[in-house]
K.L.:
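Questions regarding the structure given below will be posed in turn.
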Amino acid sequence: RGWFEYFKHSSESTFTGLDGFARRRMRRIQKKRNNIRGAGRNVTDHRRWPNVWFESRGYVSLHSMFKAEVQSLRSNH
C-alpha cells in the first residue's frame, strides 16, 4: 500500500499491468507448491486460481485502489 501511495499519480494502465504480472507470478508459485509444471498463464490456471481467489486471501489489487482513489479525488472537488 505504501508503494501505491507513492505511484498513485501514474496512469491506470500501469496498475492493470502490474496486477496481471503479480497474479501470474502467484499462480506460478501455487503451481510449484502443487507440483504442477508450467508458467501459470493458461486458462486452466485462471480457473483453478481466479482473481477472486487472490482477493479472498488478502491480495490488494492496485488497479481497484487506483480507481477508488480517482473516484475519491473527484468526489472531494
Side-chain angles (χ1 to χ4, degrees):
R1 293 181 183 183
W3 186 90
F4 173 76
E5 284 298 315
Y6 185 80
F7 288 101
K8 68 183 174 186
H9 302 292
S10 298
S11 69
E12 185 173 358
S13 63
T14 300
F15 298 111
T16 304
L18 286 171
D19 278 337
F21 172 77
R23 285 189 297 264
R24 279 192 306 275
R25 292 293 296 145
M26 289 189 284
R27 283 184 185 101
R28 188 170 187 164
I29 290 167
Q30 290 300 318
K31 288 181 82 161
K32 189 171 186 175
R33 286 181 180 173
N34 292 300
N35 294 320
I36 303 170
R37 295 177 60 174
R41 294 180 174 222
N42 62 31
V43 175
T44 305
D45 298 333
H46 288 274
R47 287 186 188 138
R48 189 177 290 141
W49 300 291
N51 296 345
V52 175
W53 186 85
F54 293 110
E55 291 171 12
S56 71
R57 283 157 178 78
Y59 173 72
V60 178
S61 169
L62 296 172
H63 183 255
S64 62
M65 287 177 66
F66 177 80
K67 287 174 68 174
E69 181 71 22
V70 168
Q71 184 178 11
S72 173
L73 290 173
R74 288 182 183 159
S75 66
N76 288 334
H77 286 47

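We use all heavy atoms of the structure for the numbers below, so side chains are in, but hydrogens, waters and symmetry mates are not. For reference, positions follow the sequence shown, starting with 1.
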K.L.:
Sorted by first residue and then second, give each salt bridge (Lys or Arg N to Asp or Glu O under 4.0 Å) pair with at least one member in residues 12-28; sequence neighbours left out.
P.N.:
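Not a single pair qualifies under salt bridge (Lys or Arg N to Asp or Glu O under 4.0 Å).
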
K.L.:
Specify the closest pair of heavy atoms between L18 and Y59, including all atoms of both residues, with the distance to one decimal.
P.N.:
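Taking every non-hydrogen atom into account, O-OH, 4.5 Å.
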
K.L.:
So, taking the atom named CD in E69 and the one named CG in L62, what distance separates them when rounded to the nearest 0.5 Å?
P.N.:
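One gets 12.5 Å once the value is rounded to the nearest 0.5 Å.
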
K.L.:
List in chain and number order the residues that pass side-chain hydrogen bond (donor to acceptor under 3.5 Å, both in side chains) with E55, two or more places apart in sequence or in another chain; answer none if no residue qualifies.
P.N.:
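E55 satisfies side-chain hydrogen bond (donor to acceptor under 3.5 Å, both in side chains) with no residue once adjacent residues are dropped.
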
K.L.:
Could you name each residue pair satisfying salt bridge (Lys or Arg N to Asp or Glu O under 4.0 Å) that touches residues 29-39, not counting sequence neighbours?
P.N.:
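Residue pairs passing salt bridge (Lys or Arg N to Asp or Glu O under 4.0 Å), neighbours aside: K31-D45.
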
K.L.:
How would you list, by chain and number, every residue that makes a side-chain hydrogen bond (donor to acceptor under 3.5 Å, both in side chains) with T44, sequence neighbours excluded?
P.N.:
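Here no residue qualifies.
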
K.L.:
Give a yes or no on this: more than 12 heavy atoms of other residues, nucleotides or ligands lie within 6.0 Å of atom CZ of R57.
P.N.:
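It does: R57 CZ has more than 12 such atoms within range.
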
K.L.:
Got a sec, which pairs hit ring-ring contact (aromatic ring centres under 6.0 Å, His included) with one end in residues 13-41, sequence neighbours left out?
P.N.:
F4-F15, F15-F66

K.L.:
Got a sec, which residues hit side-chain hydrogen bond (donor to acceptor under 3.5 Å, both in side chains) with S11, two or more places apart in sequence or on another chain?
P.N.:
S13, T14

K.L.:
Is W53 close to Q30 at the side-chain level, that is, under 4.5 Å between some pair of heavy atoms?
P.N.:
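Yes, their side chains come closer than 4.5 Å.
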
